[in-house]
Amino acid sequence: MRLRNKKWAATWLNEHDELVITQDRATGLQGNWQSLFENNAPLHVEIGTGKGQFIIGMAKKYPDINFIGMELQESAVAVAARKADEDEQALPNLRFIYGDGAGVETYFSKGEVTKIYLNFSDPWPKTRHESRRLTYKTFLEGYQAVLPAGGELAFKTDNRGLFEYSLYSFADFGVKFNPNGISLNLHEDADKMLDNVETEYEQKFSEAGFPIYQFIGHF
């Protein structure tokens with residue numbers, strides 16, 4: 001779902017280029033992302049970060065991990081980054097990319113990213129749009145290109161059709177699920193909820209009574 005255009009977004013992004021990296025600059029940082037952070041820590045990337053609730057929550061909860069939120073919509077990445085910038089807690093372990101997740105392998109080198117998150121991605125339900133789904137094989141090839149052997153992929157959705165499609169796609173590609181890595185109703189599992197950080201959509205749909213599906217696997 002696209003956000004309404006924010007007239008202030010382009011100007012704000014230009015003024016905060018240390019926090020939000022444009023797509024052309026991101027390709028130049030391939031293999032050198034740790035230079036943007038104070039600590040040389042594991043790097044986790046969320047593709048399709050939306051308005052940022054998840055990635056900001058993760059950065060606050062895990063200060064010993066460096067996080068990058070990637071988002072294609074200008075207004076969305078501006079909202080997310082401004083929210084992070086104005087948070088009462090300093091977040092030196094968080095940056096954003098204003099760019100397309102379809103080119104993730106052009107931004108990062110092999111093994112530079114240790115975990116990728118896909119949260120409530122557009123399901124693109126029409127068959128002719130299959131190749132746009134973030135769990136389609138060409139996207140999985142990109143994730144594999146930047147993760148080390150055994151690198152993790154974490155996927156959450158409220159859309160059962162996308163979840164079922166993605167399980168088949170993961171299996172065909174050879175992504176292995178972690179022990180206890182599949183949930184058909186995440187919010188009914190108290191143990192898994194201890195470490196769960198919600199997205200905006202997750203909070204909305206779970207409060208409405210919809211099940212949240214989760215897959216955690218590794219390449």
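Atom set for the values below is all heavy atoms of this structure, side chains included, hydrogens, waters and symmetry mates excluded. Not measured: the values here are computed from a predicted model.
Under the 30°/60° scheme for interplanar angles, the aromatic rings of Tyr62 and Phe67 are found to be tilted. Ring geometry for Phe139 against Tyr143 counts as tilted: the plane angle lies between 30° and 60°, on a 0 to 90° scale.
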Could you go through Tyr98 and Ile21, starting from their C-alpha distance and side-chain angles, then the distance that decides it, and tell me whether this counts as side chain to side chain contact (heavy atoms under 4.5 Å, CB included)? CA-CA 6 Å; Tyr98 174 26; Ile21 314 302; over 6 Å; no
Show your reasoning for whether side-chain hydrogen bond (donor to acceptor under 3.5 Å, both in side chains) applies to Gln214 and Asn196. CA-CA 11 Å; Gln214 182 185 59; Asn196 186 57; 4.6 Å; no
Would you please test Lys192 and Asn180 for side-chain hydrogen bond (donor to acceptor under 3.5 Å, both in side chains) and show each step? CA-CA 9 Å; Lys192 291 180 181 178; Asn180 299 317; 5.6 Å; no
Determine, stepwise, if the pair Leu140 / Ser169 fulfils side chain to side chain contact (heavy atoms under 4.5 Å, CB included). CA-CA 9 Å; Leu140 298 181; Ser169 183; 3.5 Å; yes
Ser35 and Leu29: side chain to side chain contact (heavy atoms under 4.5 Å, CB included), yes or no, with the steps? CA-CA 9 Å; Ser35 66; Leu29 284 165; 4.3 Å; yes
Going through the checks in order, is the side chain to side chain contact (heavy atoms under 4.5 Å, CB included) test met by Lys61 and Val197? CA-CA 9 Å; Lys61 188 170 185 175; Val197 174; 4.0 Å; yes
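Glu152 contributes no side-chain N or O that, together with a main-chain N or O of Phe219, makes up a donor-acceptor pair within less than 3.5 Å. In terms of modelled atom types and a separation under 3.5 Å, the side chain of Lys115 and the main chain of Leu153 share no donor-acceptor contact. The closest donor-acceptor contact from the side chain of Arg25 to the backbone of Asp17 lies under 3.5 Å. Here the side chain of Ser109 pairs no donor or acceptor atom with the backbone of Glu112 at under 3.5 angstrom. Side-chain atoms of Ser75 come within 3.5 Å of backbone N or O of Lys6 as a donor-acceptor pair. Side chain of Lys110 to main chain of Gln144: a donor-acceptor pair is present (N/O by atom type, distance under 3.5 Å, no hydrogens or angles). Panel note: side chain Arg133, backbone Trp124; a donor-acceptor pair is recorded below 3.5 Å. Panel note: side chain Thr157, backbone Asn159; a donor-acceptor pair is recorded below 3.5 Å.
For the pair Asn93/Ile65, no side-chain contact is recorded, criterion being any heavy-atom separation below 4.5 Å from C-beta on. His187 has its side chain within reach of Glu202: a pair of non-hydrogen atoms, C-beta onward, lies under 4.5 Å apart. In this structure, the side chains of Asp85 and Trp12 come closer than 4.5 Å at one or more pairs of heavy atoms.
At a threshold of 4.0 Å, the pair Asp87-Lys60 counts as salt-bridged, since one of the basic side-chain nitrogens sits closer than that to a carboxylate oxygen. Glu200 and Lys204 are not joined by a salt bridge, as no carboxylate oxygen comes within less than 4.0 angstrom of a charged side-chain nitrogen.
Residues Leu94 and Ala84 approach most closely at CD2-CB, 3.8 Å, considering heavy atoms. Taking both residues in full, the closest heavy atoms of Met70 and Gly99 are given as CG-O, 3.6 Å, listed atom of the first, atom of the second, then distance. Counting all heavy atoms, side chain and backbone alike, Trp8 lies closest to Val79 at CH2-N, 3.9 Å. Taking all atoms of both residues into account, the shortest heavy-atom contact from Leu186 to Met193 is O-CG, 3.6 Å. Taking all atoms of both residues into account, the shortest heavy-atom contact from Gly142 to Glu105 is CA-OE1, 3.6 Å. Here the shortest heavy-atom pairing between Ala9 and Ala78 reads CB-CB, 3.6 Å.
Under the 4.5 Å side-chain heavy-atom criterion for ILVMFWY residues, no single connected hydrophobic cluster contains both Leu162 and Phe120. Side-chain heavy atoms closer than 4.5 Å link hydrophobic residues (I, L, V, M, F, W, Y) into clusters, and following such links, possibly through other members, connects Leu134 to Ile182. Both Phe177 and Ile116 are assigned to one and the same hydrophobic cluster, defined by single-linkage of ILVMFWY side chains at heavy-atom distances under 4.5 Å. Under a hydrophobic-cluster definition in which Ile, Leu, Val, Met, Phe, Trp and Tyr are linked whenever side-chain heavy atoms come within less than 4.5 Å, directly or via other members, Val113 and Phe54 are assigned to different clusters. Transitive grouping of hydrophobic side chains (ILVMFWY, heavy atoms separated by less than 4.5 Å) brings Ile68 and Leu147 into a common cluster.
With no hydrogens or angles considered, a side-chain donor-acceptor pair links Asp24 and Thr22 at under 3.5 Å. Remark: the Gln53 side chain and the Gln203 side chain contain an N/O donor-acceptor pair separated by less than 3.5 Å. Using modelled atom types and a 3.5 Å distance limit, the side chains of Gln23 and Asp100 yield no donor-acceptor pair. Remark: the Tyr165 side chain and the Glu130 side chain contain an N/O donor-acceptor pair separated by less than 3.5 Å.
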Side-chain donor-acceptor pairs under 3.5 Å in residues 36-51, sequence neighbours left out?
from  : atom 1 : to     : atom 2 : distance (Å)
His44 : ND1    : Tyr117 : OH     : 2.9
His44 : NE2    : Thr114 : OG1    : 3.3
Glu46 : OE1    : Thr49  : OG1    : 2.5
Glu46 : OE2    : Asn119 : ND2    : 2.9

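Heavy atoms from other residues, nucleotides or ligands lying under 6.0 Å from NZ of Lys7 number 12 at most.
Between Tyr213 and Phe163, the gap from one ring centroid to the other is short of 6.0 Å.
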